[in-house]
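The analysis underlying the following values was restricted to heavy atoms, covering all of them including side chains, and did not include hydrogens, waters or symmetry mates.
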Amino acid sequence: MSSTAQKFPTVKQVLTADSPYFELGERATGVSMTERDIKLAAVISLLATTSVALNMFVFQNTAKTSAIETGGIVTDRTSWVDGPGIALGPTSPGPAAEQPASDGVLPPAPLGQSDDANRAELTKGIQRELGNIRYEPGQPDGVLGMVTRAAIFAYEYDNGLVLTGEPSEQLLSQLILGSSSMSPSAARPGKTMTADGESLVRSVKQQLATLGYQTGVPGSAMTPEFARAVREFETDQKLKVTGRISGPLMSRLIRLQGEPKARREAIAKAAKH
C-alpha cells in the first residue's frame, strides 16, 4: 500500500499555488484556476486515487485467499466442454427427468387394465367360435368361467392338442381358420396337460366323487376309471355321452352344487347302484 501511495501527490502538494501540479492544471484547461477550484479538483483527484489504490489492495488479498483455500488448484471449466455450442458443465448425463404429458394427450392405461381388456376380447371370440361348432362354452361374454374352460379343454382333447383349458390367440386362429400353428401333442395326443389343465381335471374329479362316482386314483391323471365315471354321470343326467370333460358336463356339475343336500345325496345313492 505504501509503495502505491508514493506514486501520487499529497493534498498539500496539490493545494500549493506554486506547485507544478497547479501549473499543469492551468495549462491543461486553459483557464485560470482560483484557489477554490484548486482545492475542489485536488479533493476529487485524491478520492479517485484512493479508490483505485483501495481496489487494487482488496483484489490482491482476495486472489491470495482463493489460492490458499483451493490449495493452488485452478479449475479449468473449458476442459468440460466436448465441442462448440455445448454449455459448460459435466458431460455425463444426470438421472432422466420425468417428461410431462403433452397437452391434450392422456397417459397410457396401466398394463393390467389393457391386458384384462385384451383377454376378455380373446375369450369372447373363442366362446363365439366354440359355440358355433357346438362345444357349448356358455354365453360369449368374455368371462373365463369353468364352463368355458371345460369347452376349450374338450376342443383341445378332440383335436389332439396340449390340454390347457385356457384361451390363446393360437386357439382362436385355429377355430376361425380350421388349422393354424397350434402343435398337436405328439407324445400323448389329447392327454399332455399344462398346470391349468391338470387343475381342471382335479376339480371335475372332486365334484364327481362328491356325488358318489368312482373316479379312480386321485390327481390329474385321466384314467379309464375317470372316463367311465364321466360317462356314467352323463348317462344319469341325460347328457351326450363323451367320456371326457366338456362344457355341458361342467355346467351340470355347477348346477348340482346348488341343489339341496338331499337331492345330491339321492344322486350319489343312485350312482352307487
Polar side-chain atom of S251 near backbone of G247 as donor-acceptor pair, under 3.5 Å: no

Main-chain N/O of L144 paired with T148 side-chain donor or acceptor, under 3.5 Å: no

Close side-chain approach of D116 to R119, heavy-atom, < 4.5 Å: no

Side chain proximity check, L256 to F233, heavy atoms < 4.5 angstrom: yes

Interatomic spacing from CG in L122 to CG in L171 - rounded to 0.5 Å: 8.0 Å

Candidate pair E156 and T164, rule side-chain hydrogen bond (donor to acceptor under 3.5 Å, both in side chains), full reasoning: CA-CA 8 Å; E156 292 170 332; T164 68; 2.6 Å; yes

Side chain proximity check, S246 to R244, heavy atoms < 4.5 angstrom: yes

Qualifying salt bridge (charged side-chain N to carboxylate O under 4.0 Å, His left out) pairs, either residue in residues 194-204, two or more places apart: none

Check: Q214/E225 side-chain N/O donor and acceptor closer than 3.5 Å: no

Least distance between heavy atoms, Y213 atom then A229 atom: CD2-O, 4.0 Å

Inter-residue atom distance L172.CG - K124.NZ, 0.5 Å rounding: 13.0 Å

D141 (side chain) donor-acceptor with V143 (main chain) under 3.5 angstrom: yes

Within-4.5 Å side-chain heavy-atom neighbours: I133 and L175: yes

Greater than 12 external heavy atoms within 6.0 Å of Q257's CD: yes

Between T242 and E234, a side-chain donor and acceptor under 3.5 Å: yes

Gap separating the CG atom of N132 from the CD atom of E129, nearest 0.5 angstrom: 5.5 Å

Rounded distance [0.5 Å steps], CD1 in I176 versus CZ in R128: 7.0 Å

Validation row: F226, I245 side chains within 4.5 angstrom (heavy atoms): yes

Any side-chain donor near an acceptor of the partner, Q207 and S203, under 3.5 Å: yes

CA sep, side-chain torsions, deciding dist, call: L208, V230, side chain to side chain contact (heavy atoms under 4.5 Å, CB included): CA-CA 8 Å; L208 287 174; V230 171; 3.9 Å; yes

E166 and T194 side chains, donor-acceptor separation under 3.5 Å: no

Main-chain N/O of V217 paired to K205 side chain as donor or acceptor, under 3.5 Å: yes

Approximate separation, where rounding is to 0.5 Å, of L211 CG and E259 CD: 10.5 Å

